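Since the model is a prediction, treat every value here as computed from it, not as a measurement.
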Amino acid sequence: FSSIIMANVTDPLARPIHGTNPQNLIEYITRQRIYDSQYWKEQLFGCTAADVAEKAALQLQAIGSSYGGNAKPTRFLCLVLKMLQIQPDDEIVYELINNENFKYVRALGAFYLRL
């Protein structure tokens with residue numbers, strides 16, 4: 001149980017955004033659905049910024065927020081929350097944006113930067 005809670009904690013060195021925890025930029029209910037999703041638990045547990053970029057390049061096939069009758073979060077939104085949680089360096093975010101080979105990596109970086 002405690003490892004699941006730890007997987008959802010923001011990096012202690014992360015700077016506040018708009019005076020609050022960066023993860024709070026994602027609505028509470030949506031955040032809880034992301035934490036409960038299989039993708040979050042199996043693929044994003046303990047990820048670094050490099051892992052997030054790799055997963056975006058290899059696994060993202062669409063941009064969106066949620067889908068289905070019970071509003072399952074998309075992989076894109078899960079990766080956005082993970083980026084808010086680990087708060088990668090600005091250089092890494094700019095590398096994501098400058099990536100011309102994978103459009104979803106570029107979109108993920110731009111979306112994160114605009115938050």
Side-chain angles (χ1 to χ4, degrees):
F1 179 71
S2 64
S3 65
I4 291 174
I5 299 297
M6 290 303 295
N8 301 337
V9 175
T10 303
D11 182 354
L13 300 177
R15 62 189 179 278
I17 298 178
H18 304 295
T20 186
N21 182 338
Q23 291 189 73
N24 290 344
L25 293 174
I26 305 287
E27 183 182 278
Y28 177 79
I29 299 293
T30 305
R31 214 170 47 240
Q32 295 308 313
R33 287 189 175 133
I34 291 171
Y35 295 153
D36 291 338
S37 73
Q38 185 175 358
Y39 184 70
W40 179 268
K41 292 175 183 176
E42 292 180 3
Q43 299 291 320
L44 298 181
F45 183 82
C47 277
T48 64
D51 296 332
V52 169
E54 179 182 344
K55 288 180 187 310
L58 300 177
Q59 297 176 353
L60 279 184
Q61 298 177 350
I63 296 174
S65 59
S66 59
Y67 64 96
N70 56 354
K72 287 177 60 174
T74 61
R75 290 180 175 187
F76 180 82
L77 196 59
C78 291
L79 289 169
V80 168
L81 184 61
K82 181 52 93 170
M83 288 184 69
L84 288 169
Q85 183 183 48
I86 62 176
Q87 216 173 48
D89 292 334
D90 290 341
E91 297 85 32
I92 294 172
V93 176
Y94 293 132
E95 284 298 317
L96 294 176
I97 294 170
N98 292 326
N99 186 321
E100 295 183 7
N101 297 323
F102 299 100
K103 60 185 173 186
Y104 297 121
V105 171
R106 194 171 201 172
L108 180 67
F111 187 85
Y112 173 77
L113 185 64
R114 292 294 297 170
L115 284 176

Which atom pair, heavy atoms only, marks the closest approach of Ala107 to Ile63?
CB-CD1, 3.4 Å
Give the C-alpha distance, both sets of side-chain angles, the deciding distance and a yes or no for side-chain contact (heavy atoms from CB on, under 4.5 Å) between Ile92 and Val52.
CA-CA 11 Å; Ile92 294 172; Val52 169; over 6 Å; no
As a quick check of understanding, evaluate side-chain contact (heavy atoms from CB on, under 4.5 Å) for Gln59 and Tyr39, giving each step before the final call.
CA-CA 11 Å; Gln59 297 176 353; Tyr39 184 70; 2.7 Å; yes
Take Arg33 and Ser66, measure what side-chain contact (heavy atoms from CB on, under 4.5 Å) needs, and give me the verdict at the end.
CA-CA 9 Å; Arg33 287 189 175 133; Ser66 59; over 6 Å; no
Within 6.0 Å of CD in Glu95, more than 12 heavy atoms from elsewhere:
no
Measure the spacing between CZ of Phe76 and CG of Leu60 and express it to the nearest 0.5 Å.
7.5 Å
Which atom of Asn99 lies closest to which atom of Arg106, heavy atoms considered
O-CD, 3.5 Å
Hey, could you give me the CD/CZ distance between Gln23 and Arg31, rounded to the nearest 0.5 Å?
6.5 Å
Drop me the distance from Ile34's CD1 to Leu81's CG, to the nearest 0.5 angstrom.
4.5 Å
To the closest 0.5 Å, what do you measure between CZ (Phe45) and CG (Asp51)?
12.5 Å
Verify whether one side chain among Gln85 and Lys82 offers a donor that lies under 3.5 Å from an acceptor in the other.
yes
Return yes if some donor-acceptor pair links the side-chain N/O of Tyr104 with the main-chain N/O of Ala56 below 3.5 Å, else return no.
no
Qualifying residue, where the test is side chain to side chain contact (heavy atoms under 4.5 Å, CB included) with Trp40 and the options are Leu77, Asn8, Leu79
Asn8
Any chain of hydrophobic side-chain contacts (each under 4.5 Å) joining Val105 to Leu115?
yes
Check the pair Leu113 / Tyr94 against side-chain contact (heavy atoms from CB on, under 4.5 Å), numbers first and verdict last.
CA-CA 9 Å; Leu113 185 64; Tyr94 293 132; 4.0 Å; yes
Spacing of Thr10 atom OG1 and Arg15 atom CZ [to the nearest 0.5 Å]:
12.5 Å
What are the two closest non-hydrogen atoms of Ile86 and Cys47, and how far apart are they?
CG2-O, 3.9 Å
Working to the nearest 0.5 angstrom, can you tell me the gap between Cys78 SG and Lys72 NZ?
9.5 Å
Contact summary for Pro88 and Tyr112, nearest pair of heavy atoms:
CD-OH, 3.8 Å
